[in-house]
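Working notes for the structure below.
Owing to the predicted nature of the structure, the values given are computational and were not obtained by experimental measurement. Proteins come first, then strands; the chains are lettered A, B, ... in the order of their sequence lines, and each starts at number 1.
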2 protein chains.
Amino acid sequence: MSKESPRRTELLALAARLFAERGYVSTTVRDIADAAGILSGSLYHHFDSKESMADEILRGFLDELFGTYAEIEAAELGPRRTLEAVVVASFDAIHRRPHEVAIYQNEAKHLAQSERFSYLDERNTEFRRLWNRILTDGVRAGVFREDLDVELVYRFLRDTVWVAVRWYNPEGPLAADAVAKQYLGILLDGIATGRRRAGK
Amino acid sequence: MSKESPRRTELLALAARLFAERGYVSTTVRDIADAAGILSGSLYHHFDSKESMADEILRGFLDELFGTYAEIEAAELGPRRTLEAVVVASFDAIHRRPHEVAIYQNEAKHLAQSERFSYLDERNTEFRRLWNRILTDGVRAGVFREDLDVELVYRFLRDTVWVAVRWYNPEGPLAADAVAKQYLGILLDGIATGRRRAGK
DNA sequence: CCATCTCCCTAGCAAGTGCTTGGTAGGGTA
DNA sequence: TACCCTACCAAGCACTTGCTAGGGAGATGG
């Protein structure tokens, strides 16, 4: 049960892939064991439950992700560049940890109901504060439209960024960075031609 | 097993709610029966399987939804107004059929692997063609930016519209129509102030 | 007044679920 | 030689899953 074994890391990566592909509940411990070429009981030499596998996967991912966000905020780039950096960092996370992002997207809501995964809600709150800060700062600084419903824009942003994990292919021709730039183009300037209408 | 019974419709609505809230696999036939105040075996008087419940729910919803889309297209409003109408109709679907939309969003990918649900993939293709038509028409007509990656914008649109079902509350203060308008504001004109940058 | 139909119950089955147990092969260390 | 370690297997336990068989109470209609 030592946390440093390479075999253990391997099994965790396998579990993450299966959780992402089939969903947490639909993935059985036998599925994971089969993929690893061992019997289901043998998994319990490395982990003490299926739940603790998901826990470890999500914890590691979120710690890394929010570490990156903290660095971006600390750099104090101003609202617009901070927004761009956070979006780029999020797409980068989709590129490097697609399975973890998928699990976070698809299972967080159900898992968060359990006491053990209460940190998921905390992270959500943290994320929401981050976006609200960026947006309100931007509106105040005059770089974002002042008629924005900040709370609504936050939801759109959050969803828009993460939901890309459903179709993004890390090995495809479209790099995460390019997708991020396209997204930012739409988000910041819209898809319509011509001058913006005044007011709302 | 008659399809016209009011009790049957009631049970189907109950199942839809549970499928949406807990997910299809996590919802047991006993859960559905409990919610209806009967025993699990009694459900099989009305339906011949759990799968057929999901099938009926999704089929009915998609038939209705794509009927609306067809009407919009037939009205030939031009690219911009068509886009607006489709977005509004989609948010309206989220308002009126939140459970069905949630099931469609969360379970379609898994269900579509089964032969029985092959119409899900067909609807996806249909949906994609619809959006691509609107967007390319709009670019050609000069109402949408010509540097748009149409395929990417399509994904962006599709995901962002439907994902709102995760937070939208039909009984909340924010009406679906208002959300749609805000969303269209962001999509068409962006959140940034100032003149649009030229080119990409 | 009997027959049929609707809707539900009682009881249970076969398959599959996460997890536990006792044990073993192979290797390193003293 | 003695001991401990990692990584696994074989077997199975308690429980849950979707689903089935057979029957019964009450309303409907000829």
Side-chain angles (χ1 to χ4, degrees), chain A residues 1-59 103 106-107 110-117, chain B residues 1-59 103 106-107 110-117:
Chain A
M1 201 82 60
S2 77
K3 292 215 169 188
E4 301 302 320
S5 152
R7 178 60 166 156
R8 190 188 151 93
T9 311
E10 196 183 333
L11 293 171
L12 214 52
L14 260 171
R17 209 195 69 210
L18 292 173
F19 287 160
E21 283 172 1
R22 312 181 187 181
Y24 175 71
V25 280
S26 296
T27 303
T28 72
V29 292
R30 283 173 180 79
D31 288 338
I32 303 171
D34 281 357
I38 60 177
L39 289 184
S40 71
S42 307
L43 274 180
Y44 290 81
H45 168 71
H46 302 276
F47 309 94
D48 41 47
S49 71
K50 175 183 168 183
E51 203 182 62
S52 76
M53 292 189 220
D55 188 14
E56 225 167 291
I57 290 166
L58 284 173
R59 263 214 167 78
I103 297 170
N106 300 326
E107 320 288 348
H110 298 303
L111 292 175
Q113 291 173 354
S114 154
E115 179 68 35
R116 174 169 201 169
F117 291 92
Chain B
M1 200 85 61
S2 77
K3 293 215 170 188
E4 301 302 319
S5 153
R7 178 60 165 156
R8 190 188 150 92
T9 310
E10 196 183 334
L11 293 170
L12 213 52
L14 261 171
R17 209 194 69 208
L18 292 173
F19 287 161
E21 283 173 0
R22 312 181 189 182
Y24 175 71
V25 281
S26 297
T27 304
T28 72
V29 292
R30 283 173 178 81
D31 288 339
I32 303 171
D34 281 357
I38 60 178
L39 289 183
S40 70
S42 306
L43 275 179
Y44 290 82
H45 169 70
H46 302 276
F47 309 96
D48 42 47
S49 71
K50 174 184 169 182
E51 203 182 63
S52 77
M53 292 190 220
D55 188 15
E56 226 167 289
I57 291 167
L58 285 173
R59 262 214 168 77
I103 297 169
N106 300 326
E107 319 288 348
H110 299 303
L111 292 175
Q113 291 172 354
S114 153
E115 179 67 34
R116 174 170 202 170
F117 291 93

Please name the pair of heavy atoms, one in A:Phe47 and one in A:Ser52, separated by the smallest distance, quoted to 0.1 Å.
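What the structure gives for the nearest pair is CB-OG, 4.0 Å.
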Minimum heavy-atom separation for A:Thr27 to A:Lys50, with atom names?
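Scanning both residues, the minimum pair turns out to be O-NZ, 2.8 Å.
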Answer yes or no: is there a side-chain heavy-atom contact under 4.5 Å between [X] and [Y]?
X	Y	value
A:Leu58	A:Glu107	no
A:Leu11	A:Ile32	no
A:Met53	A:Leu43	yes
B:Ile38	B:His45	no

Just how far, in rounded Å, is C1' of D:dC19 from CD of B:Glu51?
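Roughly 13 Å, once rounded to whole Å.
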Nearest-angstrom distance from the residue atom NZ of B:Lys50 to P of D:dT16:
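Value for this atom pair: 16 Å.
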Each nucleotide N or O in nucleotides 3-5 of chain C that has a protein N or O under 3.5 Å away: list the pair and distance.
none

Do any N or O atoms of the protein come closer than 3.5 Å to N or O atoms of nucleotides 8-11 of chain C, and which pairs are they?
unit_1: C:dC8; atom_1: OP1; unit_2: B:Arg7; atom_2: NE; d: 3.0
unit_1: C:dC8; atom_1: OP1; unit_2: B:Arg7; atom_2: NH2; d: 3.1
unit_1: C:dC8; atom_1: OP2; unit_2: B:His46; atom_2: NE2; d: 2.9
unit_1: C:dC9; atom_1: OP2; unit_2: B:Leu39; atom_2: N; d: 2.7
unit_1: C:dC9; atom_1: OP2; unit_2: B:Ser42; atom_2: OG; d: 2.8

Identify, with sequence neighbours excluded, every residue that meets side chain to side chain donor-acceptor pair (under 3.5 Å) alongside A:Ser49.
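With sequence neighbours excluded, A:Ser49 shows a side chain to side chain donor-acceptor pair (under 3.5 Å) to no residue whatsoever.
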Under the side chain to side chain donor-acceptor pair (under 3.5 Å) rule, collect the residues that match up with A:Glu56, sequence neighbours excluded.
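Result, side chain to side chain donor-acceptor pair (under 3.5 Å) vs A:Glu56: A:Arg8.
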Distance below 4.0 Å between B:Tyr44 side-chain N/O and D:dT20 OP1 or OP2
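Indeed not, no polar side-chain atom of B:Tyr44 lies that close.
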Gap separating the OG1 atom of B:Thr28 from the CG atom of B:Asp34, nearest 0.5 angstrom
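Going from OG1 on B:Thr28 over to CG on B:Asp34, the span is 7.0 Å.
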Looking at DNA chain D, which of residues 16-34 of chain A put a heavy atom within less than 4.0 Å of it?
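Contacts with DNA chain D under 4.0 Å: A:Arg30.
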Could you pull out all donor-acceptor pairs under 3.5 Å where a side-chain atom in residues 14-24 of chain A meets a protein atom, sequence neighbours excluded?
unit_1: A:Arg22; atom_1: NH1; unit_2: A:Asp31; atom_2: OD2; d: 3.2
unit_1: A:Tyr24; atom_1: OH; unit_2: A:Glu51; atom_2: N; d: 3.3

